[in-house]
Amino acid sequence: MKRFKTIMAVCMISVSAMAQGVLQIENVSNPKDVFSSSGDQAAVRIRCHRDIPLSFSSSMDKSTEPFNTTVEGSDSVYYIEFPTGNRYRGRTLVVMAPGYYNLDVPLDLSPKQLVTFRIYDPNSIVDAGCYRLHRNKGIEEIKNMNYPEASNQFKLAFECSDVDSVENRVNLALADSLQHLRNDAEKAYQLLDYSQAAEIYNIIIGLNSYDSFAKDRYNECYSKFSSECNIAFKKAEAYFNEKEYEKAKELYQRIIDRGCYQSPVATDRVNTIDRFLTSKRSHATVLSYEWIKGAPIGLQVGQYNQHKAGGFFHINLNPEIFNAIRNEHEIGDVAEVLIGFGWTIKVVDPVWIHFGPGFGTKLYYGEYLDNKYPDENGKPISTSDLKEKGDQDKVNTAFSLNPEIGFTAKYNYFAFRLTYQYRFSFKKELDDFIGKHRIMLGVGVAF
């Protein structure tokens with residue numbers, strides 16, 4: 001479409017030549033003309049083709065009715081009398097005609113002065129010279145959407161002795177461009193490329209607002225184009241929801257390439273599909289079984305991307321947690337739950353680093369004396385530490401913050417994880433029970 005934009009830039013300056021309702025004025029006064037009056041009045045004589053009736057108003061005079069109107073040949077001639085003097089400096093005569101813009105004529109009159117103006121329609125064929133005759137016929141043919149004949153008229157205008165070569169070249173370029181654009185639009189239309197056809201027809205309308213054929217075709221093409229976009233988008237969405245991503249991506253890309261209004265959504269969908277397919281090809285998702293002392297039942301899931309950070313989450317527990325839920329426990333039993341999460345970053349194939357915070361909870365039983373706590377196995381250091389021997393109904397909790405860091409090795413469908421975990425007990429006296437250091441091992445699959 002760059003060629004069409006260039007054509008528009010060159011031709012738009014000629015569109016003004018097709019505007020209706022613009023009058024031009026020419027001062028044809030004879031310096032020897034004098035207006036005979038009894039006072040200091042002056043007069044204005046205005047000549048205009050009789051097919052264009054004129055009326056007048058003034059910025060300073062109550063009345064501007066001509067005191068005489070005659071017909072000379074094909075022209076109507078209007079005579080208007082005006083008082084003169086310093087108080088009338090800056091007077092403007094407004095000339096009005098049906099179907100035309102008002103024409104403002106500044107007047108600076110002296111006593112006894114007779115000023116003559118010729119007013120004409122530059123786009124009228126009547127009384128036009130050779131060049132204006134062909135130019136105006138060409139412009140009319142453009143309005144009538146007959147571009148070949150318009151081009152012919154502008155070519156004939158070059159043979160006129162009064163030709164305005166610069167203006168005529170621009171007009172000829174406009175006519176030829178409109179013809180070429182019409183042909184290109186029709187070819188696109190016949191090939192059912194409604195997007196391209198609508199774009200070209202819209203350019204034609206911008207160059208020639210009188211082209212009703214282009215307007216109708218534009219509306220038709222735009223309607224069909226929108227309908228095609230809607231159908232393609234609905235099919236793409238259906239494939240996307242059914243996880244048939246390759247088929248969905250093909251349709252989304254077609255929507256983007258054709259410039260459908262759903263393009264922003266389609267672009268987001270394509271990016272989502274690309275991320276998913278890239279992740280799938282590189283087996284970025286890892287699901288692993290995690291073992292750690294005290295909580296040997298663990299599950300981890302994480303995203304280990306090739307080019308950007310991912311994330312992971314794991315949960316670990318021991319079988320005693322189920323007894324705690326059933327309230328089946330005794331002193332010395334320890335139930336433990338660990339949760340960890342964080343980020344994954346590729347170091348070098350096939351190794352990723354993972355790190356993040358974690359939290360842990362350990363349960364122990366029995367009612368202890370003040371400042372007495374269980375050992376690392378969850379048992380009283382001394383039986384005298386309990387308020388009542390054999391009392392195991394009391395449930396106690398110990399909380400910890402567990403930052404961790406480790407490495408994940410991933411090859412094809414297999415993954416291995418090694419994690420170091422450091423533990424901060426929320427209560428210092430439970431440091432031994434919580435344990436300061438832990439190593440977690442994980443093996444799993446990458447998919």
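Below, all heavy atoms of this structure are taken into account, side chains as well, without hydrogens, waters or symmetry copies.
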**Q** Taking the side chain as every heavy atom from C-beta outward, state whether N402 and L338 have any atom pair closer than 4.5 Å.
**A**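 Contact flag for N402/L338 side chains = yes.
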**Q** Would you tell me whether Y420 and H437 have side-chain atoms, one donor and one acceptor, within less than 3.5 Å of each other?
**A**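 There is such a pair between these side chains.
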**Q** Taking only residues two or more places apart in sequence or in another chain, which ones pass salt bridge (charged side-chain N to carboxylate O under 4.0 Å, His left out) with E26?
**A**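 Partners of E26 by the salt bridge (charged side-chain N to carboxylate O under 4.0 Å, His left out) criterion, ordered by chain and then number, come out as R118.
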**Q** My understanding is that only residues two or more places apart in sequence, or in another chain, count here; which of them pass ring-ring contact (aromatic ring centres under 6.0 Å, His included) with F240?
**A**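 ring-ring contact (aromatic ring centres under 6.0 Å, His included) list for F240, sorted by chain: Y245.
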**Q** Might you point out which heavy atoms bring A185 and A197 nearest each other, and give the distance in Å?
**A**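 For A185 and A197, the tightest heavy-atom pair comes out as O-CB, 3.8 Å.
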**Q** Can Y78 and E65 be counted as having a side-chain donor-acceptor contact under 3.5 angstrom?
**A**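 The criterion, which ignores hydrogens and geometry beyond distance, is not satisfied for E65 and Y78.
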**Q** Go through the steps to decide whether Q262 and N230 satisfy the test side chain to side chain contact (heavy atoms under 4.5 Å, CB included), and finish with yes or no.
**A** CA-CA 8 Å; Q262 300 96 335; N230 288 332; 2.8 Å; yes
**Q** Kindly write out the residues that satisfy side-chain contact (heavy atoms from CB on, under 4.5 Å) with S227, not counting sequence neighbours, or none if the list is empty.
**A**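 S227 satisfies side-chain contact (heavy atoms from CB on, under 4.5 Å) with I231 only.
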**Q** Please enumerate all residues that pass side-chain contact (heavy atoms from CB on, under 4.5 Å) together with E149, with sequence neighbours excluded.
**A**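 By the side-chain contact (heavy atoms from CB on, under 4.5 Å) rule, E149 matches E141, N146, N152, Q153.
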**Q** Any non-hydrogen side-chain atom of I204 less than 4.5 Å from a side-chain atom of L178?
**A**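 The answer is yes, as the side chains (C-beta and beyond) meet within the 4.5 Å cut-off.
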**Q** Can you check whether T64's main-chain N or O pairs, donor with acceptor, with D61's side chain at less than 3.5 Å?
**A**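 Not confirmed, D61 side chain does not pair with T64 backbone.
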**Q** Taking only residues two or more places apart in sequence or in another chain, which ones pass side-chain contact (heavy atoms from CB on, under 4.5 Å) with N86?
**A**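 Expected list: R89.
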**Q** Got a donor-acceptor contact below 3.5 angstrom from the K410 side chain to the H283 backbone?
**A**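 Yes, the answer is positive, given that a donor and an acceptor are paired below the 3.5 Å cut-off.
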**Q** Would you confirm whether W291, through its side chain, and V443, through its main-chain N or O, come within 3.5 Å as a donor-acceptor pair?
**A**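 Between the backbone of V443 and the side chain of W291 there is no qualifying donor-acceptor contact (under 3.5 Å).
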**Q** Verify side chain to side chain contact (heavy atoms under 4.5 Å, CB included) between F225 and E199, making sure each step is shown before the conclusion.
**A** CA-CA 11 Å; F225 170 65; E199 188 172 354; over 6 Å; no
**Q** Determine whether F359 and L401 make a side-chain contact, defined as any pair of heavy atoms from C-beta on separated by less than 4.5 Å.
**A**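 They are in contact (side-chain heavy atoms under 4.5 Å apart), so the answer is yes.
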**Q** Look only at the side chain of S29 and the backbone of T116, and say whether a donor-acceptor pair between them is shorter than 3.5 Å.
**A**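 Judged by distance alone, yes, a pair lies under 3.5 Å.
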**Q** For S263 and C260, indicate whether the former's side chain and the latter's backbone hold a donor-acceptor pair under 3.5 Å.
**A**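 Side chain of S263 to backbone of C260: a pair is present.
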**Q** Does F82 have any ring-ring contact (aromatic ring centres under 6.0 Å, His included) partners at least two apart in sequence or in another chain, and if so, which?
**A**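 In terms of ring-ring contact (aromatic ring centres under 6.0 Å, His included), with neighbours along the sequence ignored, F82 is linked to no residue.
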**Q** Taking all atoms of both residues into account, what is the closest heavy-atom pair of L181 and I200, and its distance?
**A**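 Shortest heavy-atom contact: O-CG2, 3.3 Å.
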**Q** Using the ring of each side chain (for Trp, its six-membered ring), is F213 parallel, tilted or perpendicular to Y201, with breaks at 30° and 60°?
**A**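 F213 and Y201: perpendicular rings.
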**Q** What are the two closest non-hydrogen atoms of S58 and R91, and how far apart are they?
**A**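 The answer is OG-CG, 3.8 Å.
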**Q** Listed by chain and number, what are the side chain to side chain donor-acceptor pair (under 3.5 Å) partners of Y218, not counting sequence neighbours?
**A**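 None.
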**Q** Would you please name every residue forming a side chain to side chain donor-acceptor pair (under 3.5 Å) with R423, sequence neighbours left out?
**A**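 E336, Q421.
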**Q** Could you check whether any side-chain heavy atom of W343 comes within less than 4.5 Å of a side-chain heavy atom of I353, counting everything from C-beta outward?
**A**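 SC-SC contact between W343 and I353 ruled out.
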**Q** Identify the heavy atoms of P66 and I80 that sit nearest to each other, and give their distance.
**A**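 For P66 versus I80, the nearest heavy atoms are CA-CG1, 4.1 Å.
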**Q** So for atom OH, which belongs to Y413, do other residues, nucleotides or ligands contribute more than 12 heavy atoms lying within a distance under 6.0 Å?
**A**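 Result for OH/Y413: open.
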**Q** Applying side-chain contact (heavy atoms from CB on, under 4.5 Å), can you list everything that pairs with V34, at least two apart in sequence or on another chain?
**A**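 Residues passing side-chain contact (heavy atoms from CB on, under 4.5 Å) with V34: K112.
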**Q** Start with the C-alpha distance between R417 and Y289, add both sets of side-chain angles, then the distance that settles side chain to side chain contact (heavy atoms under 4.5 Å, CB included), and finish with yes or no.
**A** CA-CA 9 Å; R417 280 172 40 94; Y289 177 84; over 6 Å; no
**Q** If I compare all heavy atoms of T344 with all of G311, which pair ends up nearest, and what's the gap?
**A**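 Where T344 meets G311 most closely, the heavy atoms are OG1-N, 3.7 Å.
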**Q** If you measure only the distance, is there a donor-acceptor pair under 3.5 Å linking the side chains of Q300 and N316?
**A**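 No donor-acceptor contact under 3.5 Å links the two side chains.
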**Q** Measuring from atom NZ of K143 to atom OG of S209, what distance do you get when rounded to the nearest 0.5 angstrom?
**A**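 Rounded to the nearest 0.5 Å, the NZ-OG separation comes out at 9.0 Å.
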**Q** Check for a donor-acceptor pair, side chain of N168 on one end and backbone N or O of F154 on the other, with a separation under 3.5 Å.
**A**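 Looks like yes, one N/O pair under 3.5 Å.
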**Q** What distance do I297 atom CD1 and N318 atom CG have between them, rounded to the nearest 0.5 Å?
**A**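 Rounded to the nearest 0.5 Å, the CD1-CG separation comes out at 7.5 Å.
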**Q** Tell me every residue that passes disulfide bond (SG atoms under 2.5 Å apart) with C48, counting only those two or more places apart in sequence or in another chain.
**A**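 So C48 forms no disulfide bond (SG atoms under 2.5 Å apart) with any residue.
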**Q** Taking the six-membered ring for Trp, are Y422 and F424 ring centroids under 6.0 Å apart?
**A**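 Yes: the rings meet the under 6.0 Å criterion.
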**Q** What are the two closest heavy atoms between V163 and F158, and how far apart are they?
**A**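 Minimum heavy-atom separation between V163 and F158: CG2-CA, 4.0 Å.
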**Q** Using side chain to side chain donor-acceptor pair (under 3.5 Å) as the criterion, list what pairs up with Y131, not counting sequence neighbours.
**A**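 With sequence neighbours excluded, Y131 shows a side chain to side chain donor-acceptor pair (under 3.5 Å) to E167, given in chain and number order.
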**Q** Side chain to side chain contact (heavy atoms under 4.5 Å, CB included) between F56 and I46: does it pass, once the steps are laid out?
**A** CA-CA 11 Å; F56 310 92; I46 297 177; 3.3 Å; yes
**Q** So, the side chain of D75 versus the backbone of V77: is there a donor-acceptor pair under 3.5 Å, distance only?
**A**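 Not at all, since once roles are kept as given, no pair shorter than 3.5 Å links the two residues.
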**Q** Is a side-chain N or O of N208 found less than 3.5 angstrom from the main chain of M145, in a donor-acceptor match?
**A**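 No, the answer is negative, given that no donor and acceptor are paired below the 3.5 Å cut-off.
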**Q** Checking T84 against D40: is there a side-chain donor and acceptor pair closer than 3.5 Å?
**A**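 No, no side-chain donor-acceptor contact under 3.5 Å.
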**Q** Report the C-alpha distance between K187 and D193 in whole Å, list the side-chain angles of each, state the deciding distance to 0.1 Å, and finish with yes or no for salt bridge (charged side-chain N to carboxylate O under 4.0 Å, His left out).
**A** CA-CA 9 Å; K187 288 178 183 177; D193 189 350; over 6 Å; no
**Q** Do NZ/NE/NH1/NH2 and the carboxylate oxygens of E250 and K247 come within less than 4.0 Å?
**A**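 Salt bridge: no.
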**Q** Mind telling me whether Y189 and Y194 have parallel, tilted or perpendicular rings, with 30° and 60° as the class edges?
**A**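 Rings of Y194 and Y189: perpendicular, over 60°.
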**Q** Just by modelled atom types, is the Y147 backbone N or O under 3.5 Å from a matching donor or acceptor in the S151 side chain?
**A**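 It does not hold such a pair.
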**Q** Less than 4.5 Å apart, side chain to side chain, heavy atoms only: is that true for R47 and E72?
**A**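 Counting from C-beta outward, R47 and E72 do come under 4.5 Å.
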**Q** So, does S59 use its side chain to make a donor-acceptor pair with the main chain of T92 at under 3.5 Å?
**A**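 Indeed, once roles are kept as given, a pair shorter than 3.5 Å links the two residues.
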**Q** Under the ring-ring contact (aromatic ring centres under 6.0 Å, His included) test, which residues partner F312, sequence neighbours left out?
**A**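 Listed in chain order: H354.
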**Q** Under 4.0 Å between a side-chain nitrogen and a carboxylate oxygen: does that hold for E404 and R438?
**A**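 Looking at E404 and R438, the cut-off is not met.
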